[in-house]
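Working notes for the structure below.
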Amino acid sequence: MTATADRTLHAPAAPAPPRWSPVELLPPAVLGLLCAVLLAPGHGLWFDEAFTYEVARRPLGDILRAIATGEGVTSYLADVPPSYNAPYYLVVHAWVSLPGLGGDTSLRVLSVLATAGGLALVTRAVTRLAGRPTGVLAGLVPACAPLLLEQAVEARSYGLAVLATGGALLGLTRWLQEGRGLLLFGLAGGGMGLAHWYAVTVLAGFVVAALLLRGRAATRVAVVGTLAALPAVGLVGVNLLNGTGARNAEHLRDTGGTLADLAVEAWAGGRTPLLYLTVGLAVVGALRGAGVRVVGVCWLLVPLLLLLAAETVRPVYLPRYLLAGLIGLGVLAAAGVTALPRGARTPVAVALLGLSLVASAPLAVREPRERSDDVVALLLREQRPGEPVVAADQRAAMGLDHFVRTEGPRLRPDVVLPPDDAPAGADRVWLVRRLVDGEPVPTDDDAILTDAGLSLTRTWDLPAVKTDLVVQLWAR
């Protein structure tokens with residue numbers, strides 16, 4: 001295609017899109033291989049993932065009631081309802097209901113499969129727009145990116161967001177080339193916002209791209225895109241009505257106008273050489289990337305501009321929240337590689353993918369985010385039947401409850417979960433609690449046990465990347 005392909009894709013004389021080839025499966029295959037390496041250590045689920053499992057295993061009616069009312073599904077998480085990522089929990093509920101898929105690993109496998117499917121769709125769409133070399137590289141670049149890999153192996157909704165984004169892109173591509181595909185664009189676009197609210201900004205970017213490429217003829221795309229955003233708007237409304245709309249706001253940060261810089265740095269895993277190479281190639285792709293430059297620029301810039309505008313009202317930045325939009329950066333970088341002189345393309349592509357793998361390498365040896373599974377394993381070795389095992393806080397309770405159910409059912413009769421306090425009549429009590437800045441989170445269990453004549457006799461520290469836990473033995 002020529003550099004004017006963006007304006008002529010819909011013309012009768014435009015060449016037919018390349019037929020599908022098995023080589024287009026290379027990006028999802030690479031992603032699957034890398035994810036298998038990351039999952040090999042077998043770290044146990046951490047709080048967010050265990051919460052997913054806790055919700056998904058409930059009857060469908062209980063999940064729907066909790067979503068609508070804003071109520072929690074457990075006594076110790078009564079104020080943490082599943083309405084924030086409600087569609088994801090419903091998908092996972094259906095997934096774990098399938099025979100043989102009720103284990104912890106299956107939740108992560110769902111994310112891997114969804115992400116791989118999304119990259120396959122992105123590869124196919126970009127192949128249709130810009131040719132197979134660009135398309136395959138556009139799938140490989142995000143497949144090796146540290147930000148995407150980290151989220152692809154966690155039991156959260158980002159894999160589904162990538163899948164829906166790829167579907168919407170393919171629908172848009174089919175409309176640009178054949179005048180068809182609006183149904184796929186609308187359905188996948190609706191799934192984008194339901195998988196993660198921020199993905200609606202990418203949907204807006206796709207609509208802007210269609211308007212720039214087709215002008216008034218893209219009015220139908222704008223209408224379908226608007227309708228596709230309504231489910232996400234409804235989900236936000238449900239969360240506002242039940243009082244949980246701002247639940248995760250404390251995790252967001254105000255970037256002071258540097259949101260784009262921080263987002264690109266997160267995509268590159270903080271590695272300066274990869275950052276400069278990616279941005280440089282993306283600029284080349286935006287200027288000279290045949291067939292995909294308008295879509296790619298809108299895919300990247302529209303979400304960043306919308307979020308920068310939102311930041312004037314409240315903090316909005318968290319790197320993984322921008323994942324769907326940052327895939328556009330990888331697509332532009334791929335287009336930049338194939339826009340280079342022919343002799344430079346292969347070495348630059350190898351450098352781009354190699355630096356991405358170097359940036360992702362630490363993920364393969366990372367420590368667990370949380371070690372609740374090790375807590376239960378320790379208790380199975382040390383605790384005597386009849387000795388109370390008390391979770392002192394929500395984080396400790398979530399992990400203890402989950403892994404006692406899956407790994408240590410013999411402990412169940414002795415487990416005490418919030419809001420219940422430590423029993424005062426036992427001679428030995430095991431207290432599981434979270435550490436913050438190296439100190440146990442204060443609870444009333446300490447005073448209860450001290451007043452009952454017990455004292456702290458031994459501790460086991462279980463540090464991790466996200467949550468540090470400690471097991472304490474109190475005895476008379």
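Residue numbers count from 1 along this sequence. Worth saying up front: this structure is predicted, and the values here are computed from it rather than measured.
- Note: F403 CZ to L380 CG = 12.5 Å, rounded to the nearest 0.5 Å.
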Show me the side-chain donor-acceptor pairs of residues 301-311 shorter than 3.5 Å, one per line, residues at least two apart or across chains.
from, atom 1, to, atom 2, distance (Å)
E311, OE1, T255, OG1, 3.0
E311, OE1, G257, N, 3.4
E311, OE2, T255, N, 2.7
E311, OE2, T255, OG1, 2.6

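- Between E439 and R433, no side-chain nitrogen of the basic residue sits less than 4.0 Å from a carboxylate oxygen of the acidic one, so the salt-bridge criterion is not met.
- With S360 contributing its side chain and C144 its backbone, the two residues share a donor-acceptor pair below 3.5 Å.
- L357 is listed as a side-chain neighbour of L34, based on a closest heavy-atom distance under 4.5 Å.
- A salt bridge between E24 and R124 is present, with a side-chain N of the basic residue lying under 4.0 Å from a carboxylate O of the acidic one.
- At distances below 3.5 Å, at least one donor-acceptor pair connects side-chain atoms of D468 with backbone N or O atoms of A464.
- In terms of heavy atoms, V207 sits closest to G225 at CG2-CA, 4.1 Å.
- Between atom OG of residue S97 and atom CG of residue L60 there is a gap of 8.5 Å, rounded to the nearest 0.5 Å.
- Using a 4.5 Å heavy-atom cutoff, the side chains of V91 and H93 are not in contact.
- When all heavy atoms are compared, the tightest approach of V136 to T127 is N-OG1, 4.2 Å.
- Between E49 and G44 the shortest heavy-atom distance is OE1-O, 4.4 Å.
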List the atom pairs, donor and acceptor, that lie under 3.5 Å between side-chain atoms in residues 260-274 and the rest of the protein, sequence neighbours left out.
none

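- Shortest non-hydrogen contact noted between G135 and V126 is CA-CG1, 3.7 Å.
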**OP:** Determine, stepwise, if the pair L252 / R314 fulfils side chain to side chain contact (heavy atoms under 4.5 Å, CB included).
**Re:** CA-CA 9 Å; L252 303 175; R314 55 167 292 175; 3.6 Å; yes
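- Side-chain atoms of R320 never come within 3.5 Å of backbone atoms of Y158 as a donor-acceptor pair (strictly under, hydrogens ignored).
- Residues D104 and R108 are not paired through a salt bridge, judged by the lack of any N-O separation under 4.0 Å between the basic side chain and the carboxylate.
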Original post:
Passes side chain to side chain contact (heavy atoms under 4.5 Å, CB included), W46 versus V465? Steps please.
Top reply: CA-CA 10 Å; W46 68 289; V465 173; over 6 Å; no
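- The line from CG of L322 to CG of L147 is 8.5 Å long, rounded to the nearest 0.5 Å.
- Side-chain N/O atoms of D393 and Y76 include no donor and acceptor closer than 3.5 Å.
- V375 has its side chain within reach of L462: a pair of non-hydrogen atoms, C-beta onward, lies under 4.5 Å apart.
- Between the side chain of E382 and the backbone N or O of L379, no donor-acceptor pair lies under 3.5 Å.
- In this view, F51 and Y89 satisfy the ring-ring contact (aromatic ring centres under 6.0 Å, His included) rule, not counting sequence neighbours.
- Taking all atoms of both residues into account, the shortest heavy-atom contact from G193 to V200 is CA-CG2, 3.5 Å.
- Judged by distance alone, the side chain of R293 and the main-chain N or O of G285 form no donor-acceptor pair under 3.5 Å.
- For A351 against L277, the heavy-atom pair with the smallest separation is C-CD2, 4.0 Å.
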**OP:** Using the side chain to side chain contact (heavy atoms under 4.5 Å, CB included) rule, take L211 and V221 through it: C-alpha gap first, then chi angles, then the decisive distance, then the call.
**Re:** CA-CA 8 Å; L211 291 170; V221 177; over 6 Å; no
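- Not counting sequence neighbours, the partners of R180 by the salt bridge (Lys or Arg N to Asp or Glu O under 4.0 Å) test are E178.
- A donor-acceptor contact shorter than 3.5 Å is absent between the side chain of S157 and the backbone of H196.
- Rounding to the nearest 0.5 angstrom, the gap separating the CG atom in L435 from the CZ atom in R395 is 13.0 Å.
- Here the side chains of E54 and D401 are in contact, with some heavy-atom distance below 4.5 Å.
- The pair R371-E367 fails the salt-bridge criterion, with no side-chain N (NZ, NE, NH1 or NH2) lying under 4.0 Å from an Asp/Glu carboxylate O.
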**OP:** Carefully, step by step, assess L169 and V331 under the rule side chain to side chain contact (heavy atoms under 4.5 Å, CB included).
**Re:** CA-CA 12 Å; L169 176 66; V331 170; 5.8 Å; no
Tabulate below the donor-acceptor pairs under 3.5 Å that side-chain atoms of residues 111-121 make, not counting sequence neighbours, or state none.
from, atom 1, to, atom 2, distance (Å)
S111, OG, E154, O, 2.6
S111, OG, R156, O, 3.3
T115, OG1, S111, O, 2.8

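- Here the straight-line distance linking atom CG of L77 with atom CE of M398 works out to 6.0 Å at 0.5 Å rounding.
- Between F206 and W299, the ring planes are perpendicular. Angles over 60° get that label, and only those under 30° would be called parallel.
- In this structure, the side chains of R128 and R174 come closer than 4.5 Å at one or more pairs of heavy atoms.
- Judged by the 6.0 Å distance and 45° axis criteria, R253 is not positioned over the aromatic ring of Y317.
- For T201 (side chain) and Y198 (main-chain N/O), a donor-acceptor pair under 3.5 Å exists by modelled atom type.
- Between the OH atom in Y276 and the CG atom in L281 there is a gap of 14.5 Å [rounded to 0.5 Å].
- For the pair H43 and R369, the minimum side-chain heavy-atom distance is 4.5 Å or more.
- At least one side-chain heavy atom of L148 sits under 4.5 Å from a side-chain heavy atom of I327.
- In this structure, W95 has no ring-ring contact (aromatic ring centres under 6.0 Å, His included) partners at least two apart in sequence or on a different chain.
- You'll find the side chain of L172 stays beyond 4.5 Å of the side chain of L184, heavy atoms only.
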